[in-house]
Amino acid sequence: MATFTELKVSAEVCEILKRQGIITATSVQERVIPQARAGNDLIVQSKTGTGKTLAFLLPTIERLKKIPATQELIIAPTRELATQISKVAEKICATLEIESLLICGGQDIDRQKEKLKRIPQLVIGTPGRLLDHLRRGTIQLKNINKIVIDEADELLKLGFIEDVENLLRETAKDRQIILCSATMPLRIRQLAAEFLKTPKEILVETKTVTLENINQVVVKVSAEKKFACLCEILQSENPYLAMIFCATKETTSKLALELAKKNFEVDELHGDLTQQQRNFVLKKFREAKIQILVSTDIAARGLDIEGVTHVISYEVPRDVETYIHRIGRTGRAGEHGTAITLVTAAEVEKLRRIERGIKKQIAVKRPAPKTPRAKQIQKYNRKR
């Protein structure tokens with residue numbers, strides 16, 4: 001793999017990356033950066049965790065001009081993912097004296113309007129709030145000639161594709177578009193055909209899509225005994241921090257309530273919460289004031305929380321990408337994690353599709369007891 005210096009990333013940015021322990025580019029970064037720097041439209045198909053955020057940020061930010069004009073727009077499907085991208089971009093922008101701004105729901109719109117008056121060179125946001133500012137006339141897109149559409153398949157699932165198209169129509173005609181997506185449904189292909197000009201396609205395949213330091217386990221259970229089984233697992237594993245994933249907001253709320261009745265330290269995270277409520281719940285979870293966070297997949301998109309020792313799929317996810325996203329919440333920063341999937345007879349076929357996707361048969365067994373919670377608390381408190 002090439003280093004970022006070999007990829008002609010500026011010395012200042014290379015130094016930032018070096019301080020974070022990032023020296024060698026991933027496969028997607030090695031392939032995307034030269035093509036993006038050349039100004040080509042790109043379709044980048046890669047899975048979660050391949051490093052695509054730096055792949056599209058580095059070559060585009062370095063080409064921004066230090067003038068009062070918004071020149072780059074990054075569109076993300078959720079607030080959490082937009083926030084995650086913004087945090088990565090801020091460090092690079094500060095070094096290059098470029099101003100970036102995060103625009104998404106859950107923030108005070110009047111404060112956003114004031115910040116937009118400074119005309120940041122880079123805007124990162126979600127479709128709904130971006131369109132809101134466009135209609136109010138508080139953001140100008142006519143000078144934007146660099147656009148990144150991140151996780152296009154998630155934008156499609158959430159019903160945002162028409163919003164994205166409306167935003168694209170307001171941007172400069174000589175624009176460069178980088179479209180990133182884990183999968184390429186027909187509707188995304190249609191969007192690409194309409195707005196991208198002779199795009200280069202970059203497909204990044206990974207031999208192993210899961211991390212070695214995540215112990216994956218399947219527990220087969222009947223639908224009637226699923227909740228009791230979950231409680232048994234939580235009691236025997238006694239996780240430091242655990243995320244439990246459900247398919248719907250209704251199941252998420254119901255499960256969190258039932259766990260609270262069993263005296264577990266638990267809260268819920270889903271799309272019906274306001275941004276203030278989400279922030280409050282996440283703060284409690286990060287500080288280990290609650291042990292368990294029950295969440296939908298969309299609400300947890302882009303979360304990076306230190307100390308998550310267990311991920312439990314209460315319901316088998318709909319596809320392999322969602323499964324990878326879920327289990328990727330644990331086993332981070334060199335730590336070991338456990339991913340447990342509860343599977344009923346009706347969900348076996350979903351499990352088989354996931355196993356085919358990750359090219360691995362997941363062990364069917366009850367995981368062994370882990371480190372006592374008291375020792376885990378000591379360990380993570382030392383790190384904090």
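Every value quoted in this text rests on a predicted model; they were computed, and no experiment measured them.
The existence of a salt bridge linking K226 and E315 is excluded, since no basic side-chain nitrogen approaches an acidic carboxylate oxygen closer than 4.0 Å. Under a 4.0 Å N-O distance rule, the pair R352/E355 qualifies as a salt bridge. Between E99 and K115 there is no salt bridge, since no side-chain nitrogen of the basic residue lies less than 4.0 Å from a carboxylate oxygen of the acidic one. One finds no salt bridge joining K18 and E15 here, because no Lys/Arg side-chain nitrogen approaches an Asp/Glu carboxylate oxygen to under 4.0 Å. The existence of a salt bridge linking K254 and E250 is excluded, since no basic side-chain nitrogen approaches an acidic carboxylate oxygen closer than 4.0 Å. Comment: K117 engages E114 in a salt bridge, judged by a side-chain N to carboxylate O separation of less than 4.0 angstrom. Between R136 and D132 there is a salt bridge, since a side-chain N of the basic residue sits under 4.0 Å from a carboxylate O of the acidic one.
A donor-acceptor pair under 3.5 Å is formed between the side chain of S181 and the backbone N or O of D153. T309 places a side-chain N or O within 3.5 Å of a backbone atom of Y240 that can act as its donor or acceptor partner. At distances below 3.5 Å, at least one donor-acceptor pair connects side-chain atoms of Q176 with backbone N or O atoms of N40. Between the side chain of R31 and the backbone N or O of L203, at least one donor-acceptor pair lies under 3.5 Å. Looking at T274, its side chain does come within 3.5 Å of a backbone N or O of Q277 through a donor-acceptor pair. Looking only at distances, no side-chain donor or acceptor of R318 sits under 3.5 Å from a matching main-chain atom of A247. Panel note: side chain Q71, backbone K65; a donor-acceptor pair is recorded below 3.5 Å. For N213 (side chain) and G331 (main-chain N/O), a donor-acceptor pair under 3.5 Å exists by modelled atom type.
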### Message
Let's go through R169 and E194 carefully: what are the C-alpha distance in whole Å and the side-chain angles of both, what is the deciding distance for salt bridge (charged side-chain N to carboxylate O under 4.0 Å, His left out) to 0.1 Å, and is it a yes or a no?
### Response
CA-CA 11 Å; R169 292 187 181 101; E194 180 177 353; 3.4 Å; yes
### Task
Just do the side-chain contact (heavy atoms from CB on, under 4.5 Å) check on I161 and Q190 with the steps written out, would you?
CA-CA 11 Å; I161 288 300; Q190 291 171 339; over 6 Å; no
#### Entry: Stepwise side-chain contact (heavy atoms from CB on, under 4.5 Å) test for T70 and I119
CA-CA 6 Å; T70 302; I119 315 180; 3.8 Å; yes
### Query
Stepwise, does the side-chain contact (heavy atoms from CB on, under 4.5 Å) test hold for I177 with L168?
CA-CA 9 Å; I177 300 178; L168 292 177; 4.2 Å; yes
#### Entry: CA sep, side-chain torsions, deciding dist, call: L293, L241, side-chain contact (heavy atoms from CB on, under 4.5 Å)
CA-CA 8 Å; L293 182 64; L241 294 178; over 6 Å; no
### Message
As a quick check of understanding, evaluate salt bridge (charged side-chain N to carboxylate O under 4.0 Å, His left out) for K146 and E62, giving each step before the final call.
### Response
CA-CA 12 Å; K146 298 173 188 64; E62 286 190 328; over 6 Å; no
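We find the CD1-CD distance between I139 and E170 to be 11.0 Å, quoted to the nearest 0.5 Å. The CD atom of Q121 sits 10.5 Å away from the CD atom of E97 when rounded to the nearest 0.5 Å. Atoms CG and OG1, from L81 and T126 in turn, are 10.5 Å apart once rounded to the nearest 0.5 Å. The structure places CD1 of I33 at 10.0 Å from CG of L57, a figure rounded to the nearest 0.5 Å. Between atom CG of residue L230 and atom CG of residue L255 there is a gap of 6.0 Å, rounded to the nearest 0.5 Å. To the nearest 0.5 angstrom, I124 atom CD1 is 12.0 Å from K87 atom NZ.
Side-chain contact between V364 and K220: present, with at least one pair of heavy atoms (C-beta onward) separated by less than 4.5 Å. Side chains of L134 and N166 form no contact here, defined as non-hydrogen atoms less than 4.5 Å apart. Residues F285 and V308 form a side-chain contact, since some pair of their non-hydrogen atoms from C-beta on lies under 4.5 Å apart. Side-chain contact between K113 and D110 is present, with heavy atoms from C-beta onward closer than 4.5 Å. Counting only heavy atoms from C-beta outward, the side chains of L101 and R118 never approach each other to under 4.5 Å. Between E30 and T24 the shortest side-chain heavy-atom distance does not fall below 4.5 Å. No side-chain heavy atom of H325 sits under 4.5 Å from any side-chain heavy atom of E154. Put simply, the side chain of L259 reaches to within 4.5 Å of the side chain of I244, judged on heavy atoms.
The minimum heavy-atom distance between K8 and R37, with the atom names listed, is O-NH2, 3.3 Å. Y323 and T341 get closest at one heavy-atom pair: CE1-OG1, 3.6 Å. Between Q140 and I144, the shortest heavy-atom contact is O-CD1, 4.4 Å. Nearest heavy-atom pair across I75 and P127 is CG2-CG, 3.8 Å. Scanning both residues, D41 and R175, for their nearest heavy atoms gives OD1-O, 3.9 Å. V316 approaches E347 most closely through the heavy-atom pair N-OE2, 3.2 Å.
Counted by atom type alone, T338 and E237 present zero donor-acceptor pairs between their side chains at under 3.5 Å. In the model, T95 has no side-chain atom that pairs as donor or acceptor with a side-chain atom of E12 under 3.5 Å. Q107 and R129 are not linked by any side-chain donor-acceptor pair at a separation below 3.5 angstrom, with hydrogens and angles left out of the test.
Remark: K157 NZ is packed, more than 12 non-hydrogen atoms of other residues, nucleotides or ligands lying under 6.0 Å away. Within a 6.0 Å radius of CD in Q361, no more than 12 heavy atoms belonging to other residues, nucleotides or ligands are found. Heavy atoms of other residues, nucleotides or ligands lying less than 6.0 angstrom from NZ of K225 number 12 at most.
A single hydrophobic cluster is not seen to contain both I98 and I16; linkage of ILVMFWY side chains at heavy-atom distances under 4.5 Å, directly or through other members, places them apart. Residues V218 and V348 share a single hydrophobic cluster, defined by chaining ILVMFWY side chains whose heavy atoms lie under 4.5 Å apart.
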